[in-house]
Amino acid sequence: MITFLDFEKPVAELEARVAELRETAAGGGVDIEAEIGRLQAKADKALRDTYARLTPWQKTQVARHPSRPHFKHYVARLIEDFMPLAGDRAFADDQAILGGLGRLHGRRVMVIGHEKGDDTASRLKHNFGMGKPEGYRKAVRLMQLADRFGLPVVTLVDTSGAFPGVQAEERGQAEAIARSTEQCLALGVPMVAAIVGEGGSGGAIALAAANRVLMFEHAVYSVISPEGCASILWRTADQAPAAAEAMKVTAQDLKELGIIDRIVPEPVGGAHRDPDAAIDALGAALDTALAELDGMDRARLRADRRTKFLKMGVL
């Protein structure tokens, strides 16, 4: 069962009609295959047309779709022999940020990412993908482990931002995010980050200061959520669509600005309509990005990363 977004109502109505006709046809006695085919073609065209002209706010809604693939789905399909590694060796094991060792199409890697969960119980368990200080300190530990053993680091970013609770602040949230960002930049091994859903604020950049940054076609990446920006500038979250437009949160805008390196195409209708195809497309893009970094020594990898981020914002 597909969860339709508000702007997909015309598509939803057509697909509901197709489903009704299929049920009627299954009952026998009436040949309506031609009508089903006509309506299905119309629904497919409506879907293509809708997704060809999404606004930044609509892309934000797609990026947050509850059925988009999450970290565990990418690991299950792309990473062989995955061995999860837990804990920051200081306080606790944060469930919003997961990671471990495995093989990406035969290449040994350390994979780290945000996990949002896909139902009420798992979303609560994973804190909706909002990492706490112990999560970012775990990420630092795993990156250091990868550096020690010469393993490329792959990160999958999908968070509205780091957890802003009082207890997280008491445990040094800002410092943990800064240390994680610093560790990304200090790595002597290749690092590739992928924005697979939301890339929100410091909670995202702490896992995305990489040599290559990939981004799904309908993902978003910004310093603050559109609602947060609207609340500051207009004193109301109702202006979130205007904020999304102004902030240039889409993959297309960010590629033009030089913030990301490559846009990964999604199936028509978004990654949630065909998760396997979306995951396979990301896997191929990760392979390409890692291959580009093969042969670089530690100093060159660090210099590549440094140059990339220092160029941002230069006119």
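Because only heavy atoms are used, hydrogens play no part in the values below, and waters and symmetry mates are left out as well, while side chains stay in.
With rounding to the nearest 0.5 angstrom, the OG atom of Ser160 is 11.5 Å from the CD1 atom of Ile224. Here the CG-CD distance, from Asp238 to Glu227, works out to 10.5 Å after rounding to the nearest 0.5 Å. Between Met130 atom CE and Asp94 atom CG the span is 10.5 Å, to the nearest 0.5 Å. Between the CG atom of Asp280 and the CZ atom of Arg77 there is a distance of 4.0 Å, given to the nearest 0.5 Å. How far NE2 of His272 is from CG of Leu5: 6.0 Å, rounded to the nearest 0.5 Å. For the atom pair CZ (Phe7) and CZ (Arg53), the distance works out to 10.5 Å, reported to the nearest 0.5 Å.
Taking a cutoff of 4.0 Å between a charged side-chain nitrogen and a carboxylate oxygen, Glu134 and Arg137 do not qualify as a salt bridge. Remark: Asp118 does not engage Arg123 in a salt bridge, criterion side-chain N to carboxylate O under 4.0 Å. Note on Arg212 versus Asp304: salt bridge recorded, some NZ/NE/NH1/NH2 to OD/OE distance being below 4.0 Å.
Note on Val109: it does not cluster hydrophobically with Val153, by side-chain heavy-atom contacts below 4.5 Å among ILVMFWY residues. By the criterion of side-chain heavy atoms lying less than 4.5 angstrom apart, applied directly or through intervening Ile, Leu, Val, Met, Phe, Trp or Tyr residues, Phe91 is not grouped with Val140; the two fall into different hydrophobic clusters.
Residue-environment remark: NZ (Lys42) stays at or below the threshold of 12 foreign heavy atoms within 6.0 Å. Counting heavy-atom neighbours within 6.0 Å of Arg298 CZ, excluding the residue itself, gives a total above 12. Crowding of Arg179 atom CZ: a count of heavy atoms from other residues, nucleotides or ligands under 6.0 Å not exceeding 12.
Using a 4.5 Å heavy-atom threshold, the side chains of Arg64 and Ser225 count as touching. Counting heavy atoms from C-beta on, the side chains of Leu207 and His114 come closer than 4.5 Å. Side-chain contact between Ile79 and Tyr74 is absent, with no heavy-atom pair separated by less than 4.5 Å. In this structure, Phe309 and Leu185 have side chains that are in contact, with non-hydrogen atoms separated by less than 4.5 Å. Side chains of Val213 and Ile259 form no contact here, defined as non-hydrogen atoms less than 4.5 Å apart. For the pair Arg17/Leu14, no side-chain contact is recorded, criterion being any heavy-atom separation below 4.5 Å from C-beta on. Put simply, the side chain of His70 reaches to within 4.5 Å of the side chain of Asp158, judged on heavy atoms.
The two residues Phe216 and Ala278 have their closest heavy-atom pair at CZ-O, 3.3 Å. The minimum heavy-atom distance between Cys184 and Ala209, with the atom names listed, is CB-O, 3.3 Å.
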Any chance you could lay out the salt bridge (Lys or Arg N to Asp or Glu O under 4.0 Å) test for Asp49 and Lys45, step after step, and finish with the verdict? CA-CA 6 Å; Asp49 291 347; Lys45 183 178 185 303; 2.7 Å; yes
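No donor-acceptor pair under 3.5 Å is formed between the side chain of Asp88 and the backbone N or O of Lys138. Using modelled atom types, one side-chain atom of Glu115 and one backbone atom of Lys72 make a donor-acceptor pair closer than 3.5 Å.
A donor atom on one side chain and an acceptor atom on the other are found under 3.5 Å apart for Tyr51 and Glu8.
When each of His218, Glu266, His73, Glu198 is checked for a side chain to side chain donor-acceptor pair (under 3.5 Å) with Arg68, only Glu266 meets the rule.
Cation-pi geometry between Lys116 and Phe128 is not satisfied (NZ or CZ under 6.0 Å from the ring centre, within 45° of the ring normal).
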